Every structure is written in structure tokens, then in C-alpha cells.
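For reference, the structure is listed below as C-alpha cells.
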Amino acid sequence: MNSKEFRQHAHQFVDWMADYMDTVESYPVKSQVQPGDIYKQIPNKLPKSAEEMDAIFEDFKNIIMPGVTHWQSPNYFAYFQANSSPPSVLAEMLTATLGIQGMKWVTSPAAAELEEKMMEWLRDAMGIPSAWTGVIQDTASTATLASIITARERASEYSINESGFDGQPKFRVYCSTQTHSSIEKGAKIAGIGSKNVVEIPTDDYMAMRADVLRKTIEEDIANGYHPLCIVAAIGTTGTLAIDPLREIADIAEQHKIWLHIDAAYAGSALLLPEYQSIIEGIEKADSFVFNPHKWLFTNFDCTVYFVKSPKALVNTFSILPEYLRTDTDGLVNNYCDWGIPLGRRFRSLKLWFVMRHYGLKGLQEKLRFHIDLAKWLETEIKASTDFKLIVPRSMNLVCFYYKPTDMDDMVELYKLNEKLLHRLNATGKIYLTHTTVYGVYTLRMSIGQTNVAQRHIEAAWELIQREARALGELL
Ligand SMILES: *Cc1c(COP(=O)(O)O)cnc(C)c1O
């Protein structure tokens, strides 16, 4: 393809992209295809001869699009958002065109230095201690794994990297019953073992009970274990519960335990000064992870990982074979030494575009607006007779269930709400997911898509009530 043909297709694609942004609401939010529907439409063999881009693009529209779940629809309320935004998409186009590999400073100085500056912008705007340093990772799972491995290396004086686990104590990692599965996965990969991940029970608000954490750690020490790492969740996946960081941080400090903060989703709210108190105590922690690729309008993937000691991180991950040695080593940040992969995408570019395009004020307005929409829904649910909140709204997440006044049987309620969720998602008009809280099948409505507006929430709430009552009448 020459540049003339490229230009022509690119213009055509950009037109399609803008049209998609305008019409995304007309697609079923959750893809309605059946397993295998897409697979069977793709030829079994790699084509022998070259194909025309027009034909490829037609297949994209006809085969691929029906199998797409529309995460950028303002009627998407499932899991958590994975938002994009126009400035982010524009930056991704440039990133793809440059096609750089930002493993070392010298392989693209702009990528390394823009990343360094973007981490400072975010750190300062979010109220992270100014002595901390940030680095971009692909996902929160990878950052949490890096955190557990760094904790392991610091505790073993960097000897496990070299000699393995011979003669090491029995390490343990602590988190609440509500923390994300990436903690257990990280502990498994880091060689700690999932049996040594201790899940601490939670209080009425699904937040970790610091008193139980303290007692468990003291008992473990008495029994010969070495408490390695505590993971505090600032915004759990199920209900966006906030663990009591200050109390947890005191325990970590007292017993010299690595403290990692998982704010993968809710970290965005730290751009709002009124939310910064939820990380009081962070100065006693060691690491913090947050995903701009969720609720900060930046395309997946882009995870921000802040650490108190970049030295501990680099000591853990730096490998310097001869072919990677450069004459600026020691003067600049070679981010391949700050995490697991060697190769790195130029992810800071989209962050730069997004933060400049909206400005701090614009980002804050969007976040506050989403939280206000969730407050509106919370008020409606509280006022209704047959819907209940399972826990109070946290930020922009509302967790609720349908409970017809004359139905008290837990099993029946569970089945009813499960049916309701499937029915709602089958309409294609909205997409919600669920969690279970206290054995109750709970609908989660996460309100934070880039372009969500009041009318979407009103329509969703009307649909939910209508479908629920229709289902109730069938009983
Ligand atoms: C989304 C999420 C994760 C995992 O994020 P990835 O970037 O997909 O690995 C971890 N923890 C919490 C609290 C999350 O919300």
C-alpha cells in the first residue's frame, strides 16, 4: 500500500469512526451473537494472495461488528468502564503510526521523558506524595504482580531473584475477601502460593476489617510466618468498597510489611479534592496502582503505578545484558527496568492528549457529573417500594436488587434477579453485570462512560422497572 492509498483508506476509516461515535447508541450494547458465530465466518486458511483493503473493511463491518460489545455506548453500565475519548483515539492513531518501542530511553527519548512528566502531573493532581515516582504499566494485574515481587525481593534482600526460595521463610500476603482476583494471581506467579493469600473478612460496607487484619498478622508471626505484603483496596470490584487505609497503614508500618494500594478503578476520583481523604495514610504505603484506561477517558491499555522507592523496583527488575547497554544508563529512566515486559508501547502520548484536551477542570466536571448521575439513581431506588440498595452507593457505582414486597425467600429472590439481568441484557438497550453480596444476586450499575447523560440513566431506570415488574407479574 503506498501513501496515496493509505491516505484514501485512512480518510474513509476516520469517517467511519466519527459515524460510529455518532451512532453507537443504535447498536445492541452487549453483542447478541452465539458462541462460534464469528469463528465460522472466518476462512480456515491464511489467504494466499493479497486482498483489497475495501474487501477487508467490508468484512470488518459485516463479520466483526455484530460480535462487538459496545463498551463506548453511553448505555454501557457493566463491570467497569474501559473508556476511550476522541483525544485518546487521535493519540492512538499517532502512536500506531510512529510504531516505536519504548523499552529504553535511547529507543525514543520523547516516550521516556513524556512518561516521566505525565506521571508527575497525575501524582500531584491526585494527592500522591510528591516524593513518589510513577511508571506506566500495561494493566493493574501486571503492576500488582510487580508490587508483590518487589516486596518479596526487598524482604529477602534481593536474594530470591538470584537463588530461588531455598531457606526462605513462609511468606504471606493479606487482602480482604472483596479484593480483585489479580492479587491471588500475582501471589501465585510470584511463588508465594495462593494458600498463603489470607483473605480478611469485611464489615457491613464490604471494607476490610483492620482489627481482624492486625490479629491475623500477629497470630501468623507467632506461628512462624513472614507477613510480606498487604493489599488495600480503594474501590473493590464488587461494590467499590474503600478499605480503611490509615489503620491498615499503621499495621504495615509497625510490622514492616509492604503495603500496596489497589485503586485500579476508583483512583480517578482522587482527581477530586473532596475524595483525597480516602488515601490518608498513603505516605506509609509502598506502592499504588490506578487505571486511566477505566474511568479516565484513555484507551486501554494504560495503568499508572506509583512507588515510594523506584530503587527497590529497579533492583528487582533490572537485567542488563550487553546488547541492551547504552551510554546514558544511570542518567535517564530506562523503563524496561521498571516492570516485567521488555517492550513498551508509547502510552504516555494518549494521556498527554487527554489531560490537555479536557484540562483538570474538564476531567473533574466529567467525574463529578457521573457521580451525580449515580446519586440520582440512588435516590430513585431509595424512593421505590420494590427495589433495594444492597450497600450504599459508592462514587459512581450503584448496587441494587429487585424485591417484590411479598417475596422474602432468598433463593427465589436470587433467581428472580438473575432472570432480570439476563432479560435486561437481551434487550440490547443496556448492559449491566452482577455481583453477590450477602448471598443476594445484586445488579451493579457503573455510571461512567465518557458520554453518558441524564437521559441514559432515566431511560435505563425506566427499562429496569418495566422489565422487573413484567417479570414479577409472570410469577
Ligand atoms: C479492574 C481492576 C483490576 C484489574 O485491572 P487490569 O488492568 O485489567 O489488570 C484490579 N483491581 C481492581 C480493583 C480493578 O477494578
Side-chain angles (χ1 to χ4, degrees), residues 69 71 76-84 88 122 126 134-149 173-190 194 197 199-200 202 205-208 229-245 248 259-270 275 278-279 282 285 287-306 339-341 344-345 347 350-351 367 370 374 391 394-399 433-435 437 444-449:
T69 288
W71 288 68
Y76 179 98
F77 306 109
Y79 306 102
F80 283 136
Q81 276 65 40
N83 284 337
S84 79
S88 173
L122 272 178
M126 294 170 69
V135 55
I136 298 180
Q137 308 272 344
D138 52 7
T139 61
S141 303
T142 310
T144 292
L145 171 61
S147 171
I148 296 173
I149 296 177
V173 172
Y174 304 84
C175 57
S176 90
T177 54
Q178 298 298 309
T179 41
H180 191 265
S181 54
S182 56
I183 318 307
E184 187 188 344
K185 204 182 210 178
K188 280 197 217 177
I189 301 170
S194 52
V197 176
E199 291 189 350
I200 305 296
T202 53
Y205 298 97
M206 313 306 282
M208 188 194 284
C229 173
I230 304 169
V231 180
I234 297 296
T236 59
T237 314
T239 62
L240 271 189
I242 313 282
D243 288 343
L245 190 61
I248 294 172
L259 176 54
H260 176 58
I261 301 169
D262 179 4
Y265 181 79
S268 296
L270 295 174
Y275 278 93
I278 60 180
I279 54 161
I282 188 175
S287 55
F288 171 99
V289 66
F290 144 64
N291 282 343
H293 69 225
K294 282 181 169 162
W295 189 26
L296 206 65
F297 324 113
T298 305
N299 279 70
F300 187 87
D301 51 2
C302 184
T303 290
V304 170
Y305 181 50
F306 290 110
I340 295 163
R344 310 181 79 249
R345 295 184 69 225
R347 298 187 184 90
K350 58 192 169 188
L351 260 180
L367 298 172
H370 294 163
V391 284
S394 176
M395 299 179 189
N396 64 340
L397 182 71
V398 186
C399 297
T433 46
H434 82 284
T435 185
V437 183
R444 292 169 76 260
M445 190 150 158
S446 173
I447 303 171
Q449 202 280 325

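Both counts, for ligands and for their atoms, begin at 1 and track the order of listing. All values derive from a computational prediction rather than experimental measurement.
- Looking at ligand 1, you'll find an N or O of A140 within less than 3.5 Å of one of its N or O atoms.
- Looking only at heavy atoms of the protein, atom 9 (O) of ligand 1 is closest to S141 OG, 2.6 Å.
- The closest donor-acceptor contact from the side chain of T179 to the backbone of C175 lies at 3.5 Å or more, if one exists at all.
- Which parts of ligand 1 touch F80 is read off a 4.0 Å heavy-atom cut-off, strictly below it: atoms 15 (O).
- Distances below 4.0 Å separate heavy atoms of N291 from the following atoms of ligand 1: 5 (O), 6 (P), 7 (O).
- In this structure, OH on Y305 lies 11.0 Å from OG1 on T142, to the nearest 0.5 angstrom.
- At a heavy-atom cutoff of 4.0 Å, ligand 1 is contacted by the side chain of S182 but not by its backbone.
- Summarising the geometry, atom CG belonging to D262 is positioned 5.0 Å from atom OG1 belonging to T144; distances are rounded to the nearest 0.5 Å.
- Of all protein heavy atoms, the one lying nearest to atom 11 (N) of ligand 1 is D262 OD2, 2.7 Å.
- Against a heavy-atom cut-off of under 4.0 Å, G235 is close to the following atoms of ligand 1: 13 (C).
- Distances from ligand 1 to the non-hydrogen atoms of A233 include no value under 4.0 Å.
- To the nearest 0.5 Å, the span separating CG on L367 from CG on N396 amounts to 8.5 Å.
- For the atom pair I282 CD1 and S287 OG, the distance stands at 9.0 Å (nearest 0.5 Å).
- Of all atoms in ligand 1, numbered sequentially from 1 with element shown, those under 4.0 Å from a heavy atom of H180 are 2 (C), 3 (C), 4 (C), 10 (C), 11 (N), 12 (C), 14 (C).
- The shortest N/O to N/O separation between H293 and ligand 1 falls below 3.5 Å.
- For R345 and D301, the salt-bridge test passes: some basic side-chain N is under 4.0 Å from an acidic carboxylate O.
- For F80 and W295, the ring centers are positioned 6.0 Å apart or more.
- Between the CG atom of D243 and the OG atom of S176 there is a distance of 5.0 Å, given to the nearest 0.5 Å.
- Annotation for ligand 1: atoms under 4.0 Å from non-hydrogen atoms of Y265 are 15 (O).
- Considering only non-hydrogen protein atoms, atom 14 (C) of ligand 1 sits nearest to K294 NZ, 2.9 Å.
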